[in-house]
There are 2 protein chains.
Amino acid sequence: MESRELEQAFGKYPSVTLPSVPVESRGSYDERLNRILEAAMVVIASEGYSNASMRAVAKAANVSLAGLYHYFTNKEHILFLIQFRTFTFLLNSLRERLHGVDEPVEQLRVMVKSHVGYFATHMSALKVCSHELDLLSGEAFTEIRQVRVEYYQATRSIIDRVIDKHAPESHLDRHVVTMSLFSMLNWLYRWYAPGQERSPSGLANQILSIFLGGAIGAANIEVESEGKTQPARD
Amino acid sequence: MESRELEQAFGKYPSVTLPSVPVESRGSYDERLNRILEAAMVVIASEGYSNASMRAVAKAANVSLAGLYHYFTNKEHILFLIQFRTFTFLLNSLRERLHGVDEPVEQLRVMVKSHVGYFATHMSALKVCSHELDLLSGEAFTEIRQVRVEYYQATRSIIDRVIDKHAPESHLDRHVVTMSLFSMLNWLYRWYAPGQERSPSGLANQILSIFLGGAIGAANIEVESEGKTQPARD
DNA sequence: CCATTCACCGAACGACCGTTCGGCTCATAC
DNA sequence: GTATGAGCCGAACGGTCGTTCGGTGAATGG
């Protein structure tokens, strides 16, 4: 058995390789805020939001505990900023890259490559977005939810076009199909650590292949399947 | 847009419908422990392990705070028991159901149906197992990891047989393929709530279809793909 | 030169946390 | 009848948490 990949998949999380950029006190307000956010992402990604104390974030960001409250109204605010910025970037980035791409399968490739690529370079951010999805509430939650829904819908419409074009008779529930793709992408933080033998770009292609053609591609397997409205069989 | 499924996928978690079984003080030690564990699973699933206080667990289980320590040495012990029992049950259940099933695809169907079926009836348990995977450490972590690895390997060997039989020339990285299946299963707790229009059994079939045949099934799409050892393209 | 604002900090507050301790009740054993 | 132990609890302990308050020193504007 390949023990290293099992180590990665079932050991503790792949390490996030903190770039050890000490937060310098120079720079504009926005630059300083970004640096603090970067440090906060690493702490929250590795400890979890609830276990990540403001004191730990302050230490990682080279700021005093009280100094944090110059940039954030409270702890939730940090999580909100991380999630809002990440999801917004993901959405805008997807829309930009989609410009001029018309073929549905090609659009899907763009989506997967974009997402995996961003994941590979911002693992902490995407881990926080995947793992701490439900900790916000009220307005903050609603606002982020809006961006997530738009990201879903953009992806869903691509998937719709792919299926309409290449498998119009498909009996698959397209919401389930879409969530399956997001599952593969959102679960990455649990097992994937970029390495030279498994590059982000190669991984994106593999995910695309699996999602489009499944594990056995064009082979002709009869998968007896109930339509989504039929009752359960057992 | 189908707003209810978006509500489920992007709203707060599907509610876990606490069966409101008050922990009765009668029964054997094991029965009482099981009831407390059941209550703890619901609390931990809805609040998260770190936010689930021993006081909240005690209240949900109708036991005093100090009384909890008659059954558990500490808080981690509760999490350990939940995870160990769930993963062990999942593994044993899979092995039992596999008896007498020889066809690889049929074995895979058994695996997916078994997992989804258990998920549908024990959402809290599987949510705790999916979401709080990395909170244990030391011996407890190692012990649970062992069970998880066995569950992975059982699934991996099924997938190997499926690919060897139906797509022997496949270029896919089989670890990635296996983790993709687990991604779909482990991410379920984020969006799936069993309902009559999307039964557990129907969902299992859909996941199986997507995993085996992909979104477009046998349609002939060229998915340009780098082998897993080739360098990244961009 | 002085007033104001910004950026930041040390120290503290009250709330809540996991855990422990001493003691209570009640069924069983002798 | 009394000793024993299991099962359970109220109360408290020390610690950590998020947050706030009152301040300092440097930069800025008039």
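Reminder, nothing fancy here: chain letters follow the sequence lines and each chain counts from 1.
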> So what does B/Ala52 touch, heavy atoms closer than 4.0 Å: a base, only the sugar-phosphate, or nothing?
Replying inline: sugar-phosphate

> Within less than 4.0 Å of OP1 or OP2 of C/dC17, is there a side-chain N or O belonging to B/Ser53?
Replying inline: yes

> Which heavy atom of A/Cys129 sits nearest a heavy atom of A/Ile82, and at what distance?
Replying inline: SG-O, 4.3 Å

> Taking the side chain as C-beta and beyond, is there a heavy-atom pair between B/Trp191 and A/Ser183 under 4.5 Å?
Replying inline: yes

> Does a side-chain heavy-atom distance below 4.5 Å link A/Leu133 with A/Asn186?
Replying inline: no

>> Taking only side-chain N and O atoms of A/Arg32, does any of them lie within less than 4.0 angstrom of OP1 or OP2 on C/dC8?
In response: yes

> Taking all atoms of both residues into account, what is the closest heavy-atom pair of A/Gln206 and B/Asp173, and its distance?
Replying inline: OE1-N, 2.8 Å

> Does B/Ala66 or A/Leu65 map to a spot on DNA chain D nearer the 5' end, using the closest nucleotide for each?
Replying inline: B/Ala66

>> As a test of reading the structure: which of C/dT19, D/dC17, C/dC9 is closest to the side chain of A/Val63, going by heavy atoms?
In response: C/dC9

>> For A/Tyr192 and B/His175, I'd like to know if the aromatic rings sit close, meaning centre-to-centre distance below 6.0 Å.
In response: no

> Rounded to whole angstroms, how far apart are CD1 on A/Ile44 and P on D/dC17?
Replying inline: 14 Å

> Rounded to whole angstrom units, what separation is found between the CG atom of B/Asn51 and the C1' atom of D/dT16?
Replying inline: 14 Å

> Rounded to whole angstrom units, what separation is found between the CG atom of B/Asn62 and the P atom of D/dC8?
Replying inline: 12 Å

>> Please report the distance, rounded to the nearest Å, between NZ in B/Lys59 and P in D/dC8.
In response: 19 Å

> Nearest-Å distance, OH (B/Tyr29) to P (D/dA6)?
Replying inline: 11 Å

> For A/Arg174 and A/Thr178, does a side-chain donor sit closer than 3.5 Å to a side-chain acceptor?
Replying inline: no

>> Can you measure A/Arg55 atom CZ to C/dG10 atom P for me and round it to whole angstrom units?
In response: 13 Å

> What parts of residues 67-86 of chain B reach DNA chain C, counting only heavy atoms under 4.0 Å away?
Replying inline: B/Tyr69, B/Asn74, B/Lys75

>> Which residues pass the side-chain hydrogen bond (donor to acceptor under 3.5 Å, both in side chains) test with A/Arg85, not counting sequence neighbours?
In response: A/Asn34

> With respect to the side chain of A/Ser64, which nucleotide from D/dC17, D/dC9, C/dC8 is positioned closest?
Replying inline: C/dC8

>> Without decimals, in angstroms, what is the distance between A/Ile36 CD1 and C/dA7 C1'?
In response: 11 Å

